[in-house]
Amino acid sequence: LEAADSAGVADDVLAALRGARIIARGPKAHGAVQQAGLSVDWVAESETSAEVLDLLLSEGVRGQRIVVQHHGNGSDGLDEQLTAAGASVTGLVVYRWGPPPDPPILLDSTRLAAGGAVDVVAFTSAPGAQAWVEAAARTGSMESILDRARDGRLLMLCVGPVTAGPLRALGIDPIVPDRGRLGAMIRALVSHVDNAGDRVATEAGALRIRRSVALLDDRVLPVSPTGLAVLRMLAAASGAVVSRAEILRALPGESTDPHTAEVAIARLREATGPGLVQTVVKRGYRLAVAS
């Protein structure tokens, strides 16, 4: 419609569209049609082209002229199947998806996800999701990504069911909002994180540990990477005592000096405040979990 307006034929195009049946794949397209002052006859609840195709084929399209506006990754087979059913089909491509301008960044992102350096990977288009999956295969990262995604250590987030397709084909069940909107996607992520079962109830408050940050009652703690590793070990013990020797194994280097562990715990306490990490005399340390 914007192109029609630029060409000076917007009124003619709108007049022609008012005499056509308009079908929308989802709410985003539905809203754009309504904004143009047109009426949508039918909207696919699943927000998929497959549902649109099923409707048209079930009703019969022989002898009809159908214009299909495609997304940036091609026709999804709509043109071919509608043509085979007897329709006269015109495909309209208004934008195209292309490869990233800096491929190394894409490849590095898959390695980071596989290595546990990120907590969430979000996708806003099916072509982008497919390209990321293919990049993960090229870097040999896919197996680790699948393991982390399936056990909940890596959250996969998609703006809608079409975008989720490449992930679901691999057996990954990503978070998908009820409505295909970026805002809805972010709200779905926030809701999931708020309700996730990774909160540790401690005497100092609710503790959460992410890949690169720790939060106490949703307050970011100024913990160093070394302190975060120690805190993660204490949290995993769920209140059981962690010895100084075990603390040393979580620290960089190969020190066997108990004093090194004591210094690490002292710095952790400075960052987290009193009451979170307790000393058990002659045994080690424990997280002060709430009883």
Side-chain angles (χ1 to χ4, degrees), residues 24-30 43-54 68-78 81 93 95-198 208 210-212:
R25 195 190 73 180
K28 186 175 181 180
H30 187 188
V43 181
E45 291 185 4
S46 66
E47 302 183 34
T48 63
S49 298
E51 187 178 354
V52 172
L53 180 64
D54 288 344
V68 182
Q69 178 182 308
H70 300 301
H71 61 64
N73 200 35
S75 68
D76 292 332
L78 292 178
Q81 295 188 62
V93 178
Y95 69 94
R96 293 188 184 277
W97 180 88
D102 195 345
I105 293 178
L106 174 63
L107 298 175
D108 286 345
S109 73
T110 65
R111 298 187 185 99
L112 292 171
V118 296
D119 297 307
V120 181
V121 182
F123 300 97
T124 59
S125 72
Q130 183 62 43
W132 195 83
V133 165
E134 293 172 356
R138 290 200 301 274
T139 59
S141 303
M142 183 54 67
E143 184 175 351
S144 296
I145 288 172
L146 290 175
D147 288 342
R148 296 191 69 237
R150 287 167 179 163
D151 66 17
R153 289 176 294 156
L154 176 66
L155 296 181
M156 309 293 267
L157 181 70
C158 295
V159 72
V162 175
T163 300
L167 302 180
R168 286 175 171 160
L170 296 172
I172 298 174
D173 187 20
I175 300 170
V176 179
D178 293 334
R179 299 176 68 248
R181 297 286 194 278
L182 291 178
M185 181 180 74
I186 298 303
R187 287 191 294 272
L189 174 61
V190 172
S191 176
H192 180 88
V193 171
D194 283 345
N195 296 317
D198 61 352
R208 282 181 172 174
R210 298 283 183 252
R211 172 67 182 117
S212 58

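Residues: numbered from 1 along the sequence shown. Computation of the quantities below employed the complete heavy-atom set of this structure, encompassing side-chain atoms and omitting hydrogens, waters and symmetry-equivalent molecules. The structure displayed is predicted, hence computed values, not measured ones.
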Table please: side-chain donor-acceptor pairs of residues 153-164 below 3.5 Å, with sequence neighbours left out.
unit_1: R153; atom_1: NE; unit_2: D151; atom_2: OD1; d: 2.9
unit_1: R153; atom_1: NE; unit_2: D151; atom_2: OD2; d: 2.7
unit_1: R153; atom_1: NH2; unit_2: D151; atom_2: OD2; d: 2.9

Test item: R181 side-chain N/O and P27 main-chain N/O as donor-acceptor pair under 3.5 Å: yes
Side chain to side chain contact (heavy atoms under 4.5 Å, CB included) between V52 and L78, worked out: CA-CA 9 Å; V52 172; L78 292 178; 5.6 Å; no
Derivation and outcome, side chain to side chain contact (heavy atoms under 4.5 Å, CB included), residues T110 and R138: CA-CA 9 Å; T110 65; R138 290 200 301 274; over 6 Å; no
Crowding at CD, E143 (>12 non-hydrogen neighbours, <6.0 Å): no
Contact list for residues 108-126, test salt bridge (Lys or Arg N to Asp or Glu O under 4.0 Å), sequence neighbours left out: D108-R111
Non-hydrogen atoms of M142 and A137 that approach each other most closely: CE-N, 4.4 Å
Distance-minimising heavy-atom pair for A129 and F123: CA-CD2, 3.6 Å
Closest heavy-atom pair and its distance - A113, R148: O-NH1, 2.7 Å
Atom of G171, atom of R150 and distance for their closest heavy-atom approach: O-NE, 4.2 Å
Main-chain N/O of A135 paired to T139 side chain as donor or acceptor, under 3.5 Å: yes
Please table the atom pairs, donor to acceptor, closer than 3.5 Å between any side-chain atom in residues 99-107 and protein atoms at least two apart or in another chain.
none

Non-hydrogen atoms of P166 and A126 that approach each other most closely: CG-O, 3.8 Å
